[in-house]
Amino acid sequence: MNCSDVYTVCYNRLAVFKTKDRAKQFFSACYNMSKGEEQERYASVVNNLNLDKLSKDNLSTYCKTISINTDKNGFINVDLNENLSIEDTIKFYENKIKPILEVSEEFDVDFSSKIPFEYFGSDSDSYTNNSFSDFYKKLCEKSDISIESISTNNWSDGKYKLLINNNEFDIKAWDNLESVINNINSMKDLLKEQKEEIEI
């Protein structure tokens, strides 16, 4: 578990906060606006936050969604393809999502925006915009994806073709966090397959 993050699990949702104070504020507000069984769940989360960096309600045993608390005090949500144990959900966040968020912060990508990559473009636009090639190159490095060549070409308004090792991937200015996760997974799977074919 990453020591810099605070995790809560409530209603089968893993929420990630930067600080315990922020998590306590959120769940205290939820507690004050609820009654009965729902209030008991929130009370359990608030009380457990005093003890650990992972705080759970009294019923959840797995997760189906990950919610990342933003600096604007909203949430970015990622739906999981299948229900995962709490431990596996935290691993998914730390291995798949957190590296993307770290690189996105470097490039000022805001996934709470409708168009997170509004100021990105092709390689020929890189003198005025951020480069998709630079962004995905850093992501690939963090994901241990071996790159021999990478470039980005315009396709149509807000749509681009990203070429990695001569493999083409469609990317868009309005790609959300889930889209970027899927893009990286596709790149990793395809390049792994090609490497295995060469080895055979």
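Computed from a predicted structure; not experimentally measured.
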**Q.** Which atom of Val9 lies closest to which atom of Cys63, heavy atoms considered
**A.** CG1-SG, 4.0 Å
Q: Look at atom CG of Asn81 and say whether more than 12 heavy atoms of other residues, nucleotides or ligands are closer to it than 6.0 Å.
A: no
**Q.** Which atom of Asn129 lies closest to which atom of Gly121, heavy atoms considered
**A.** CB-N, 3.9 Å
Q | Residue pairs passing the salt bridge (charged side-chain N to carboxylate O under 4.0 Å, His left out) test where at least one lies in residues 8-30, sequence neighbours excluded | A | Lys18-Asp71, Arg22-Asp71
Q) So does Asp175 pair up with Lys172, basic N to acidic O under 4.0 Å? A) yes
Q | Within-4.5 Å side-chain heavy-atom neighbours: Asp5 and Ile90 | A | no
Q.
Check whether Asp189 reaches the backbone of Ser186 with its side chain - one donor and one acceptor, N or O, closer than 3.5 Å.
A. no
Q.
Could you report the tightest heavy-atom contact between Tyr93 and Pro99, atom names first, then the distance?
A. O-CD, 4.4 Å
Q | Pair Tyr160-Asn153, side-chain contact (heavy atoms from CB on, under 4.5 Å): steps then yes or no | A | CA-CA 6 Å; Tyr160 302 88; Asn153 299 314; over 6 Å; no
Q) Can you tell me how far OG1 of Thr61 sits from CG of Asn12, rounded to the nearest 0.5 angstrom? A) 6.5 Å
(Q) Are there over 12 heavy-atom neighbours, none belonging to Glu105, within less than 6.0 Å of that residue's CD? (A) no
Q. For the side chain of Lys137 and the backbone of Ile150, is there at least one donor-acceptor N/O pair under 3.5 Å apart?
A. no
Q. Where the side chain of Asp170 meets the backbone of Lys159, is there a donor-acceptor pair that is under 3.5 Å apart?
A. no
(Q) Hydrophobic clusters here meaning ILVMFWY residues chained together by side-chain heavy-atom distances under 4.5 Å, can you tell me if Tyr136 and Ile115 are in one? (A) no
Q) Among Asn182, Asn183, Asn176, which one satisfies side chain to side chain donor-acceptor pair (under 3.5 Å) with Ser179? A) Asn176
Q: Show the numbers, then the answer: is there a side-chain contact (heavy atoms from CB on, under 4.5 Å) between Leu139 and Val180?
A: CA-CA 10 Å; Leu139 284 185; Val180 176; 3.7 Å; yes
Q | Spacing of CG belonging to Asn166 relative to OG belonging to Ser149, to within rounding of 0.5 Å | A | 5.0 Å
(Q) For residues Ile181 and Ile66: do they belong to one hydrophobic cluster (side chain heavy atoms under 4.5 Å, members Ile, Leu, Val, Met, Phe, Trp, Tyr)? (A) yes
(Q) Could you report the tightest heavy-atom contact between Val6 and Thr19, atom names first, then the distance? (A) CG2-C, 3.7 Å
Q.
Grouping I, L, V, M, F, W and Y whenever their side-chain heavy atoms are under 4.5 Å apart, do Phe169 and Trp174 come out in a common cluster?
A. no
Q. So which of Glu102, Glu106, Glu94 actually passes salt bridge (Lys or Arg N to Asp or Glu O under 4.0 Å) with Lys142?
A. Glu102
Q | side chain to side chain contact (heavy atoms under 4.5 Å, CB included) partners of Val46, counting only residues at least two apart | A | Phe27, Ser28
(Q) Take a 6.0 Å sphere around OH of Tyr31 and say whether it holds more than 12 heavy atoms from other residues, nucleotides or ligands. (A) no
Q) Just by modelled atom types, is the Asp88 backbone N or O under 3.5 Å from a matching donor or acceptor in the Ser85 side chain? A) yes
Q) Roughly how far, to the nearest 0.5 Å, is OG of Ser151 from CD of Glu168? A) 9.5 Å
**Q.** Value rounded to 0.5 Å, distance of CG in Leu14 from OG in Ser60
**A.** 10.5 Å
Q: Report the relative orientation of the aromatic rings in Phe120 and Phe135; use parallel for angles under 30°, tilted for 30 to 60°, perpendicular for over 60°.
A: perpendicular
Q: Working to the nearest 0.5 Å, report the span between CD1 of Ile164 and OG1 of Thr152.
A: 8.0 Å
Q: Look at the side-chain heavy atoms of Ile, Leu, Val, Met, Phe, Trp and Tyr, link any pair under 4.5 Å apart, and say whether Val78 and Tyr62 land in one connected group.
A: no
(Q) Tell me the closest heavy-atom pair linking Asn77 and Ser67, and the distance in Å. (A) OD1-OG, 2.5 Å
Q: Evaluate whether atom CD of Glu87 has more than 12 neighbouring non-hydrogen atoms of other residues, nucleotides or ligands under 6.0 angstrom away.
A: no
(Q) Listing request: all side-chain hydrogen bond (donor to acceptor under 3.5 Å, both in side chains) pairs with a residue in residues 114-124, at least two apart in sequence or in separate chains. (A) Ser122-Ser124, Ser122-Asp125, Ser122-Asn154, Asp123-Ser133
Q) Are more than 12 heavy atoms from other residues, nucleotides or ligands located less than 6.0 Å from atom NZ of Lys56? A) no
Q. What class does the angle between the rings of Phe26 and Phe17 fall in, given that below 30° is parallel, 30 to 60° is tilted and above 60° is perpendicular?
A. tilted
Q | Whether Phe111 and Phe117 hold their rings parallel, tilted or perpendicular, with breakpoints at 30° and 60° | A | perpendicular
Q: Measure from the side-chain N and O atoms of Asn165 to the backbone N and O of Ser146, and report whether any donor-acceptor pair falls under 3.5 Å.
A: yes
Q.
Pair Asn185, Lys96 - check side-chain contact (heavy atoms from CB on, under 4.5 Å), show working.
A. CA-CA 9 Å; Asn185 286 340; Lys96 301 272 189 181; 3.0 Å; yes
Q: Inspect the surroundings of CD in Glu148 and state if more than 12 heavy atoms from other residues, nucleotides or ligands are less than 6.0 Å away.
A: no
Q: Mind listing the closest non-hydrogen atom pair of Ser44 and Ser55 along with its distance?
A: O-OG, 4.1 Å
Q) What distance separates Leu84 CG from Thr65 OG1, expressed to the nearest 0.5 Å? A) 10.5 Å
Q: Please check if Tyr42 and Leu59 belong to a single hydrophobic cluster, counting links between Ile, Leu, Val, Met, Phe, Trp and Tyr side chain heavy atoms closer than 4.5 Å.
A: no
Q: Verify the neighbour count for atom CG of Asp157: are there more than 12 heavy atoms of other residues, nucleotides or ligands below 6.0 Å?
A: no
(Q) A quick test of your reading: do over 12 heavy atoms of other residues, nucleotides or ligands sit less than 6.0 Å from CG of Asp79? (A) yes
(Q) When you compare the side chain of Met187 with that of Leu162, does any pair of heavy atoms fall below 4.5 Å? (A) yes
